[in-house]
Amino acid sequence: MKPVRTRFAPSPTGALHVGGARTAFFAWLLARHSGGKFILRIEDTDRERLVPGAISGMIQELKWFGIEPDEGPSHAELLQAGENIEGIPNLGGAYGPYIQSLRGERYRAVAEDLIAKGVCYRCDCTPAMLEQERNEQMARKESPGYSGYCRDRNVSATAKHVVRFRMPFKKTVVLEDAVKGRVVWESAPLKDTVLLKSDGMPTYHLAVVVDDHDMEITHILRGDEWLSSAPIHVLLYEALGWEKPVFAHLPVIKGPNGKKLSKRDGSVNTSVFREDGYLPEALLNFTVLIGWSEGDGTEQEIYTRQDLVEKFSIERISQAGGIFDYGKLAWMNGSYIRALPYEEFHQFAKQRIEKSGFTVPDARLRAIGPLVQERVKVLAEISPMVEFLAEKPVERDLTQIVAKDMTLERASEVLGRAKDLLGSLPSFSHDQIEGALRPLVTEIGAKAGSVFGVLRIAIMGKKVTPPLFESLAALGKEETMARIDQAVPLVSAAAAQP
RNA sequence: GUCUCCAUCGUCUAGCCCGGUCUAGGACACCUCCCUUUCACGGAGGUAACAGGGGUUCGAAUCCCCUUGGAGACGCCA
């Protein structure tokens, strides 16, 4: 049994997408599960769509998820490709370079070999010719594809040309896919695909086959969208006399509308989820569960990275695509946040507050933090929830005070009484505050929610806040009294309005 | 248009390969109730699915065929 080697092979045309991330997770999980290697390879053969910084970005995003490839672009390679290496691990490995644009010679050599074998041929048709051909085919309602005009023209190697695969006229191509099962194609409609572009760069089809072979990849895990070009790859392996790796085509992740997940559906880039305050463990857990299930009858939904590594298997990958349910992700993320040791949550809270541009004394935050921790689903919700602790003026929407059993007049009374009650407290603990305020409810004769609601608005400026007594205790007596004093005239004035 | 893949609650899925134990299980969401100072958390219930039609069989969510629906591919993009 050969040691397992899997790879994630993104093209650096943008940021890491959750779909791509899940492909990476599956490949990484399989490698870790079987004690094999996980390789990162960059497929940057399209010079036009290349986005500077994308390679470093990919590596950083994977790192955020706690995934560091066993092999991948070294610093030297990154530099050659014009990438930044600051804060980027120096991967490297025995099968490099791991950036395809650095391996051009190898592909060209294989292409020459293929031409010599008669499997491929040179073609000098211009893009304009091809487009016209395609349009005519479409007009005739035929399936579009290259006619094979240059097949036997022996186009000179010195002319500007591409190299095409000579698709057999009649051949049955069979792929035993690890998730889809046996898939069969007839070669005829497959057409003569370009393998080497006129700029000397390989297309995906050539590069992927050559690299997976050269890098001794044993399992190709990739998105469903590649299934239709798999027969080309199978034929290439056969023509080259190379042993095929295991293919596993992963079910797609769809948006809520059932179509391919796109920015319109919500966040798609992992960096955006990070900024919103999703935890990497939660996002990983969630995405892995789209298209994979343990399936032993347990009701488990929350899996640690280690659980996943132990339990993952290619056999349990499902065939049908799944919709990315943002709501369920939010639930799961909240569950991960609640499970955090408080100190960790505290640090996250401090970072978030700092980013929001206000300051909260650490003692105040610490007093209320645990209550906030069980209330947020994403880290971004922390700041608005603790903003009342900041040393800055409170903005109050007094209209929110009014309820079925609460008027502004009565609110004035509530505030006046609360001021007396709280003001005479020797210490400002949760119990003391509750002891003082509880009797006020019966005294006023309104629902507890309404009475305490008045205090929430007056002191914290919001109707929905962490629990009142804890909040006041966190604020401290001095600040609480000051805020009541500020609110009293405002409420009286509002009550006096017609 | 051609090719390929897919099809269990609204969503993620278990069950399907090895038909009976499935009056189809879990989770998210939703609804009700409990807890309760708001919001959450937690707890107890509830609504909700085998796409349709034919076979095969004593028996089908499970096997076969067809239909329908959905998705992807058909580029000197990956």
Side-chain angles (χ1 to χ4, degrees), chain A residues 9-13 43-46 48-49 123 125-127 130-131 134 137-138 140-146 160-164 177 179-181 183-186 188-191 193-199 201-205 207-208 223-231 249 251-252 254 256 258-260 286 289-302 315 318-332 334-335 338 371-377 385 434 437-438 441 447-453 455-457 460 462-469:
Chain A
S11 91
T13 52
E43 315 226 324
D44 62 341
T45 56
D46 184 350
E48 306 193 348
R49 294 206 309 155
C123 164
C125 294
T126 64
L130 296 173
E131 198 187 333
R134 221 183 335 267
Q137 287 163 331
M138 302 279 245
R140 273 179 267 134
K141 300 211 173 206
E142 289 171 9
S143 56
Y146 183 59
K160 181 165 180 169
H161 67 275
V162 301
V163 175
R164 287 184 183 273
D177 189 89
V179 347
K180 301 292 181 187
V183 186
V184 182
W185 294 265
E186 285 307 320
L190 261 25
K191 311 289 161 109
T193 321
V194 171
L195 296 187
L196 200 67
K197 299 185 255 187
S198 58
D199 65 356
M201 277 290 169
T203 59
Y204 174 81
H205 306 298
V208 77
D224 227 348
E225 67 269 24
W226 292 112
L227 186 59
S228 42
S229 46
H249 287 95
V252 286
K254 298 185 283 190
K259 303 223 188 285
K260 209 177 194 175
F286 176 73
L289 255 27
I290 304 177
W292 177 85
S293 65
E294 185 182 350
D296 69 340
T298 65
E299 296 164 14
Q300 189 173 354
E301 299 276 335
I302 305 292
E315 289 77 25
S318 53
Q319 303 184 305
I323 288 172
F324 194 92
D325 184 343
Y326 287 91
K328 186 161 184 177
L329 201 218
W331 160 77
M332 189 173 281
S335 151
R338 270 172 258 131
L371 268 16
V372 173
Q373 184 175 6
E374 66 176 24
R375 283 169 170 72
V376 296
K377 288 193 161 64
M385 212 173 273
E434 175 161 20
L437 258 23
R438 278 286 175 206
V441 174
K447 280 191 303 188
S450 302
V451 175
F452 294 146
L455 297 174
R456 279 178 218 284
I457 300 278
M460 297 180 267
K462 286 182 182 175
K463 210 173 176 182
V464 177
T465 70
L468 182 65
F469 312 130

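Scope of the values below: all heavy atoms of this structure, side chains included, with no hydrogens, waters or symmetry mates.
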When we call it a touch if two heavy atoms are under 4.0 Å apart, what does [X] touch: a base, just sugar-phosphate, or nothing?
{"X": "Lys463(A)", "answer": "base"}
{"X": "Gly334(A)", "answer": "nothing"}
{"X": "Thr13(A)", "answer": "nothing"}
{"X": "Gly453(A)", "answer": "nothing"}
{"X": "Leu468(A)", "answer": "base"}
{"X": "Val208(A)", "answer": "nothing"}
{"X": "Thr45(A)", "answer": "sugar-phosphate"}
{"X": "Glu374(A)", "answer": "base"}
{"X": "Pro256(A)", "answer": "nothing"}

What's the gap between [N] and [M] when it is taken at their [atom1] atoms, as a whole Å value?
{"N": "rG70(B)", "M": "rG55(B)", "atom1": "P", "value": "27 Å"}
{"N": "rG25(B)", "M": "rC66(B)", "atom1": "P", "value": "32 Å"}
{"N": "rC12(B)", "M": "rA29(B)", "atom1": "P", "value": "15 Å"}
{"N": "rA60(B)", "M": "rU8(B)", "atom1": "C1'", "value": "14 Å"}
{"N": "rU13(B)", "M": "rC6(B)", "atom1": "C1'", "value": "15 Å"}
{"N": "rA78(B)", "M": "rC31(B)", "atom1": "P", "value": "48 Å"}
{"N": "rU38(B)", "M": "rG46(B)", "atom1": "P", "value": "27 Å"}
{"N": "rA24(B)", "M": "rU67(B)", "atom1": "P", "value": "31 Å"}

Please name the nucleotide paired to [N] by Watson-Crick or G-U wobble geometry with both distances under 3.5 Å, or report none.
{"N": "rG45(B)", "answer": "rC31(B)"}
{"N": "rA14(B)", "answer": "none"}
{"N": "rA24(B)", "answer": "none"}
{"N": "rC63(B)", "answer": "rG55(B)"}
{"N": "rC3(B)", "answer": "rG72(B)"}

Pairwise 5' ranking along RNA chain B for Trp331(A) and Phe324(A), keeping only the more 5' one: Phe324(A)
Lys180(A) or Pro467(A), whichever maps to the more 5' nucleotide of RNA chain B: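 The answer here is Lys180(A).
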Length of the line joining [X]:[atom1] and [N]:[atom2], which is rounded to integer Å:
{"X": "Gln300(A)", "N": "rC28(B)", "atom1": "CD", "atom2": "C1'", "result": "16 Å"}
{"X": "Phe469(A)", "N": "rU36(B)", "atom1": "CZ", "atom2": "P", "result": "13 Å"}
{"X": "Lys447(A)", "N": "rU36(B)", "atom1": "NZ", "atom2": "C1'", "result": "13 Å"}
{"X": "Glu294(A)", "N": "rU13(B)", "atom1": "CD", "atom2": "P", "result": "15 Å"}
{"X": "Leu329(A)", "N": "rU11(B)", "atom1": "CG", "atom2": "P", "result": "18 Å"}
{"X": "Gln319(A)", "N": "rC12(B)", "atom1": "CD", "atom2": "P", "result": "15 Å"}
{"X": "Ile457(A)", "N": "rU38(B)", "atom1": "CD1", "atom2": "C1'", "result": "10 Å"}
{"X": "Met201(A)", "N": "rC77(B)", "atom1": "CE", "atom2": "C1'", "result": "14 Å"}

Within 6.0 angstrom of Lys197(A) NZ, more than 12 heavy atoms from elsewhere: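 Correct, the count exceeds 12.
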For [N], does OP1 or OP2 lie under 4.0 Å from any side-chain N or O of [X]?
{"X": "Arg456(A)", "N": "rC39(B)", "answer": "no"}
{"X": "Thr465(A)", "N": "rU38(B)", "answer": "no"}
{"X": "Arg438(A)", "N": "rU37(B)", "answer": "yes"}

Any donor-acceptor N/O pair under 3.5 Å between rC41(B) base and Arg338(A) side chain: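 A donor-acceptor contact between them is absent.
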When you compare the protein's N or O atoms with those of nucleotides 43-53 of chain B, which come within less than 3.5 Å of each other, and at what distance?
none

Nucleotide nearest Ile290(A) when distance is taken to its side chain, options rC12(B), rU37(B), rA78(B):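 Given the options rC12(B), rU37(B), rA78(B), the side chain of Ile290(A) is closest to rC12(B).
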Measure all distances between protein nitrogen or oxygen atoms and nitrogen or oxygen atoms of nucleotides 65-76 of chain B, and list the pairs falling under 3.5 Å.
unit_1  : atom_1 : unit_2    : atom_2 : d
rA71(B) : OP1    : Lys259(A) : NZ     : 2.1
rA73(B) : O4'    : Ser228(A) : OG     : 3.0
rA73(B) : O2'    : Ser228(A) : OG     : 3.0
rC74(B) : O2'    : Pro144(A) : O      : 3.1
rC76(B) : O2     : Ser198(A) : N      : 2.8
rC76(B) : O2     : Ser198(A) : OG     : 2.7
rC76(B) : N3     : Ser198(A) : OG     : 3.1
rC76(B) : N4     : Cys125(A) : O      : 3.1

